Amino acid sequence: MPAVRIPPGVSTADFTSAIAEFQRVVGHEWVFTSEEDLDLYRDAYSPFLNEPEERIASAAVAPSSTEEVQQIVRIANRYRIPLYAISTGKNLGYGGSAPAYSGSVVLDLKRMNRILEVNESNAYALVEPGVSYFDLYRYIQDRGLKLWIDCPDPGWGSVVGNAIDRGGGYTAASYRNHFDSHCGMEIVLPNGELLRTGMGAIPSAQTWQQYKSGCGPWIDGIFSQSNYGIVTKMGFWLMPQPEAYLRCVVSVPRYADLGPLVETLNYLENSRITQGFPDLSSPLLGYAPIGQIQLVMEQGPPPLTPQHQALLAEAKLGYSPQLEAYAVKSGIPYWELWLSYYGPMEVIEAQWRATQRHFGLIHDTKFRVVDRVTLPLDPARIENYHEPEFGVPSLRVFSIGARTPWNPTPSKGHMWFSPIIPRTGEAILEANRVFGEASRDLDMPLFRTFTLPACFWERSFVFILATPVTEDPATNRHYRDGFKKLIEIGGRYGWGEYRTAPVFQQTVMNVYSFNDHALQSFHQTLKDAIDPNGILSAGRYAIWPKHLREPRS
Amino acid sequence: MAAAAVSLAPSGGCVDSRDVIALPDRAPLHTVVFDNRYARARAFAADAASKGIRTTGIDGDVTALWLRDLRFHWSADGPAVAGMTTARSLLCLEQMAHDSWRRVLARVEYRPSRSTAATPLVSWIIGA
């Protein structure tokens, strides 16, 4: 690995001076320059691991307060030191704690881990970037507050960091989109100035975490997936602890039922009749719902008869008349939709009845209730469930490490391929056709069997598929190249990623090319105005400061 | 932290000590974590226990270990933690340890046999 320990374009003298000034601000013990310390800021899932192109930090600084962040930013401006801000650095699969621009000084915000307020009555929290989902969960539990968080899986990351990268979770629709459920931010701008958004721009504001947009342009969005500022506080709306939970399954027998199944789901979700995480699956095609994947990986998939296996091998885009006939004869549903409901039992039972009435319009639909529980759950029982659907952060996903017949090659890590597609059955089939053909041509390990999208977001589907990171640089290079081509192919069909690792951010943003890349031009205009010295998180989501910008070919 | 040249051997059996971490003789360890799904990890823990070292079994899921023990232990600057687990469990613990600026000080991969069907384990020490 090359020793890029001085940021490019910075003299040794300036870097040494900057490090000394950082140390005066935060204390010597919180500035890291040794190779051993900087190993903590490598991306554990880097697709360039141990290759020359691996992004590495030149140093790391860990401030403990907003005021220290401001001072560090001013020093960085003086010496033109590139910084790269991280919260807790757990964004594995999307870049982790490594900078997008090699040689940057990582600004590690982990020490800023105060939970500033949790308001039970209005169901919100205000936190610093170093607060993890575990921290917030424990805070709420320890005080017996009747509130839920919404967390990703694993739940090890930062509440702020995940929201800023526009991650999602598993509970009710209003809370699953983590950026959407935020309310109010405090930001240190690249010049060191402090800014509060929304109602927070009023001194002594009383509704900073209660009304999102304040007055005038609502600028919060520009601080997500970007490099226009360092978020030092962020408010979130939390879910009141529901009284009860209902988990149900809708099963349909035929291939062509997928379209009406999705259309009905859309109506029910958009009408707020169902609010929990909808989980599409196919028992016939062997595609487990996300909420059951842990169990499948631990216990193995249900065994298939030799006839079933043979029919699957012959199916095209998950279909053949013989396969469908087999499904109908054997009573194996083609598609299943797992739905969950939160609220008073009388309300969610009524919502389930309405759900059945609507899905019942699809011929031969079957319904079953998987679980009906009053909340809170007995902690001793939580392991029987997919914990994030109850707002409980978990690390259980890492127990899937064993080599098994159904998981013969556990990978070293992965890169998430995450295109957004329309919320229709037709789009699922089209995406499988397009990406399936492309993956075979590119020899990529995605879409080799029929693949269903996830329903993290309302109004759209997203595929979140793991491309493995291996120990072999040649394989990793092959997968990186294939990944980029899949991004480009998706773009031709109007599908773009919602999030991606730094190595792919330029490729992804190139897809957003309407009107000769007007969006990227606008990003650059903002960058030049807000961060003229280009010191903050250069390259993040392909937003480069002027001095590092390459002319577009 | 330097490791002493003492390796743990399961009682009554032989072990190739190149395949497991050599735990220090008298240096304090907070606990030895072991994945109780695997015989070799259980043996590793049994030997640690026979030397008076506390052990903690997991079934691959480190959530409870983290929530009830390590998050307090690492933030309070406690002594090193050792273990024998799958690589994924170690990855998870390594990432959580970073929050307290702890790191993996040593790791040794253990392959139970030449068979590619067997799950490799890793013995490790995490500390400051």
Side-chain angles (χ1 to χ4, degrees), chain A residues 29-30 32 34 36-45 60 62 86-92 96-97 108 110-111 113 130 132 134-135 137-138 141 154-158 294 297-298 379 382-383 387 392-405 407-413 471, chain B residues 1 33 35-41 57-72 74-75 77 83-107 109-122 126-128:
Chain A
E29 67 273 31
W30 298 114
F32 308 102
S34 74
E36 189 182 50
D37 284 332
L38 295 180
D39 263 356
L40 302 186
Y41 298 98
R42 293 173 72 182
D43 178 8
Y45 286 2
I86 64 168
S87 303
T88 59
K90 300 288 188 297
N91 202 7
L92 272 53
S97 53
D108 183 346
K110 271 201 284 292
R111 294 176 66 213
N113 57 6
S132 71
F134 280 107
D135 292 336
Y137 173 76
R138 281 265 47 101
Q141 297 303 307
W156 61 3
S158 156
Q294 179 77 27
M297 295 303 280
E298 287 170 358
I382 190 68
E383 284 184 8
E387 294 99 322
V392 178
S394 171
L395 300 169
R396 200 163 133 198
V397 67
F398 291 101
S399 64
I400 310 172
R403 183 166 288 145
T404 60
N407 185 25
T409 51
S411 69
K412 296 295 250 187
E471 289 174 320
Chain B
M1 182 176 69
V33 178
D35 193 323
N36 57 27
R37 298 174 296 178
Y38 302 102
R40 186 62 192 91
I58 62 169
D59 61 357
D61 183 2
V62 303
T63 309
L65 172 66
W66 165 252
L67 274 177
R68 293 176 197 154
D69 183 353
L70 295 184
R71 72 183 181 110
F72 300 113
W74 279 330
S75 63
D77 221 11
M84 191 166 198
T85 61
T86 63
R88 271 177 72 82
S89 293
L90 174 59
L91 168 80
C92 181
L93 288 171
E94 183 174 12
Q95 291 292 314
M96 302 308 278
H98 287 180
D99 288 352
S100 301
W101 282 275
R102 298 288 182 277
R103 76 201 70 230
V104 175
L105 300 175
R107 73 184 86 202
E109 190 172 277
Y110 173 79
R111 288 187 177 272
S113 70
R114 290 186 193 278
S115 165
T116 56
T119 300
L121 302 175
V122 58
I126 292 176

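These numbers were taken from a predicted model, which means no experiment stands behind them. All heavy atoms count here, side chains included; hydrogens, waters and symmetry mates do not. Order of the sequence lines sets the chain letters (A, B, ...), proteins ahead of strands, with each chain counted from 1.
With rounding to the nearest 0.5 Å, the separation of CZ in A:R396 from SG in B:C92 is 13.5 Å. Between A:F398 atom CZ and B:I58 atom CD1 the span is 12.5 Å, to the nearest 0.5 Å. Interatomic distance, A:W156 CH2 to B:W66 CH2, rounded to the nearest 0.5 Å: 11.0 Å.
With a threshold of 4.5 angstrom between heavy atoms, B:D35 does not approach chain A through any atom at all. Neither the backbone nor the side chain of A:Y137 comes within contact range of chain B, judged by heavy atoms closer than 4.5 Å. Neither the backbone nor the side chain of A:P154 comes within contact range of chain B, judged by heavy atoms closer than 4.5 Å. With a 4.5 Å cut-off on non-hydrogen atoms, B:L67 touches chain A through its side chain but not through its backbone. With a 4.5 angstrom heavy-atom cutoff, A:D108 touches chain B only via side-chain atoms.
Taking every heavy atom of both residues into account, B:L91 and A:A44 meet most closely at CD1-CB, 3.9 Å. Closest approach of A:S394 to B:T63, counting heavy atoms only: OG-OG1, 3.6 Å. Nearest heavy-atom pair, B:R102 versus A:L40, reported as atom, atom and distance to 0.1 Å: O-CD2, 4.0 Å.
Between B:Q95 and A:L92, the closest side-chain pair of non-hydrogen atoms falls below 4.5 Å. By the 4.5 Å heavy-atom criterion applied to side chains, A:T88 and B:H98 are not counted as neighbours.
Taking a 6.0 Å sphere around CD of B:E94, one finds it holds more than 12 heavy atoms contributed by other residues, nucleotides or ligands. Sparse packing is recorded around CD of A:E471, with 12 or fewer heavy atoms of other residues, nucleotides or ligands lying under 6.0 Å away.
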